[in-house]
Amino acid sequence: MQASRARLFKEYKEVQREKTADPDIQLVCDDSNIFKWTALIKGPSETPFEGGVFQLAFAVPEQYPLQPPQVRFLTKIFHPNVHFKTGEICLDILKNAWSPAWTLQSVCRAIIALMAHPEPDSPLNCDSGNLLRSGDTRGYQSMARMYTRLAAMPKKVRSVELLQVWHGTTIQPSNMLS
Amino acid sequence: MEDYSSGDDDDYVYSDRDSLDGLENEEWVPPKGSSTKVITRESLLAAQKEDLRRVMELLSLGEHHARTLLIHSRWDVEKLLAVLVEKGKPSLFSEAGVTVNEGADSSLPSSSSVMCDICMEEVSGDKATRMACGHCFCKDCWTEHFIVKINEGQSKRIRCMAHKCYAICDEAVVRNLVSKRHPDLAEKFDRFLLESYIEDNKMVKWCPSTPHCGNAIRVEEDEFCEVECTCGLQFCFSCLSETHSPCSCLMWELWIKKCRDESETVNWITVHTKPCPKCHKPVEKNGGCNLVSCICGQAFCWLCGGATGREHTWSSIAGHSCGRYVENGEQKTERAKRDLYRYMHYHNRYKAHTDSFKLESKLRETILEKVSISEERESRLRDFSWVTNGLYRLFRSRRVLSYSYPFAFYMFGEELFKDEMTMDERELKQLLFEDQQQQLEGNVEKLSKFLEEPFDQYPDDKVMDIRMQVINLSVITDNLCKKMYECIENDLLGCLQLGTHNIAPYKSKGIERASELSACWSNKSNTTDKYQPLECGTSGGTSENERPSGSGSSDDSGCFSRKRAKKDGFGPSFFDLNLPAEGIDRN
């Protein structure tokens, strides 16, 4: 208990110190509870998540860092390894491949890497996984991009971009219905 | 480890021979007779020393490394050596997480300070520990890590804390650090390591007695057998349920499931869990994707429950696709009624024989009484072993008979072997089997009838008559049982294409009793000799000459007599389980 607190405090200080070190990740600790963290991560470039900002919720166990934190997406995301409804993430380092040498910061980095490199063979979101598995990269990307715009972008940007989506070539309204 | 040093000379001879002969030749012929052993808490260490020592000597490793390797290969020394030859030492070691650091000093100078990546504190060298893999963290973090892992039940494979380091932590370090804070937990750790020999070894299993007798049973060669623990429990070694031969384990599992009332718990378990394909414990999925791994380490597919390849990663389920829909053409509802009647037919007969078996167990006492009455009578008949032998034969055959019904239910049903046989084939085989079953049934009932006669009140000649009948029927039922097993093994299960149904072989003399493994470990070169005096000592002076069957028994002679001598040592069994039917004949 004490060890986890001390370690989280260290991580907190580290985050404060290197705030600008990684512009893609913004880790924030809950004001009243050091075991609750949230993170904002930027969707990696050259992926359908580019331009989106995704919120993650961390629940840190008392045995941390000997046991992994529980992480889930608060922002809706269309990704094979993220549960579409709960935001649960299937990532080996959050389960049996966890090492106490990982930090919350590095977990964020791993999640960003997962966004760029989905693993469609162990899907939590089967629709998304099946698109990729059947080789329909285009379909996957347009779905993922649509949800990124719907859920992970500020309202103003979203409406403009959405219009582009609807009127652009990626998705035709008629296709959507069929 | 210390124990080995005392037997230095022997060790040398043994290792010498072993390393010279190479891998093909290291098999030794186990002493004939009972090869099943009971391992008690006391002899657990002794039981695994043989395996440990072989690995230690072949690879010149310390005990903890040998144990890590053996745990990795599930205590299968042959397999371990095969992997060693095939893949080479470095690959085997890295897979098992063994890092042997030659002469590297694990202690750090207290003057230098080390940054611990776990608590992110700078600590002085004497407060940190470097593992054999080279990773160094502070002692507090190591200790916490070990405690968490031990409490998670992972004692047998506590890995280094560094990312992507799969080295198994040195058990001495774990023990040392943990015992400083939680001596009881260190003991638990030691016990887990010791018990790995039972938990991870397919040739050793806990006796399933409740309350648990504390024993484990080790078999040699064949895991499909039925054994009796020293606590008296008889069980199927393969599936740990009660003995059920000639049913295969799968048949028996299906059968008792069918017979049992479906309680709420069972409902919950069927809805929420899937049995692990390896250890068969029900596994509940607590999150994540459909590649689920059981606490025993087996990974399987949640969708179909099938085991997945060992080389899987979290990202791909190797060699596996289960999405195909298998069409079930027949209307289940229409069949339900027919199936129910069919089940009732077999169940009624199974139940009838089980009930008779229970009633006949009571017969044992009345018969004992009758025997003692008869023995006191003025009579030229002195020997009443035929009664007890006959009674035993009755029990044995009754068992076979009652389990032959669930066997037939599945053998000739559609649940398991639908595609294995054509209708005609099945009908033919069923007739053949049922014919044998009926013969056996008829003779068992006759035997039962004769044994229930109040022979203690009969005149001598009538007793002699009954005696003849009982002895004859005993031989007949024994032979019929044998024939039925032959039929099952050769004509029914033997020609299956797909199935893997193994049944415990028929033991005419009853279920084999496991003998106790000596707690003090003896050198293997003279194990065979050592058994003899031990057995004679416990057999209470019964010499083989006193046995009526001793001479010209056509049975498997040598091993047979020794087996019996040992079993006699086991106190108050009132009938001689080991008297062969052929012997009774000449009685």
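Residue numbering restarts at 1 for every chain, and letters A, B, ... go by the order of the sequence lines. For the numbers below, each heavy atom of this structure counts, side chains included, while hydrogens, waters and symmetry mates do not. As the structure is a prediction and not an experimental result, all values here were calculated from the model.
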Which bit of [X] comes within less than 4.5 Å of chain B, counting heavy atoms only: side chain, backbone, both or neither?
X         : result
Thr103(A) : side chain
Pro100(A) : both
Gln67(A)  : side chain

Query raised in the report: Is it the case that Lys36(A) places NZ or CZ above or below the six-membered ring of Phe58(A), under 6.0 angstrom from the centre and within 45 degrees of the axis?
Result: no

Salt bridge check: are [X] and [Y] linked by an N-O gap of less than 4.0 Å?
X         : Y         : result
Lys188(B) : Glu195(B) : no
Lys139(B) : Asp126(B) : no
Arg130(B) : Asp170(B) : no
Lys274(B) : Glu284(B) : no

Query raised in the report: For Cys141(B), is it the side chain, the backbone, both, or neither that has a heavy atom closer than 4.5 Å to a heavy atom of chain A?
Result: backbone

Query raised in the report: Of all of Glu144(B), Arg159(B), His135(B), which one pairs up most often with chain A through heavy atoms under 4.5 Å apart?
Result: Glu144(B)

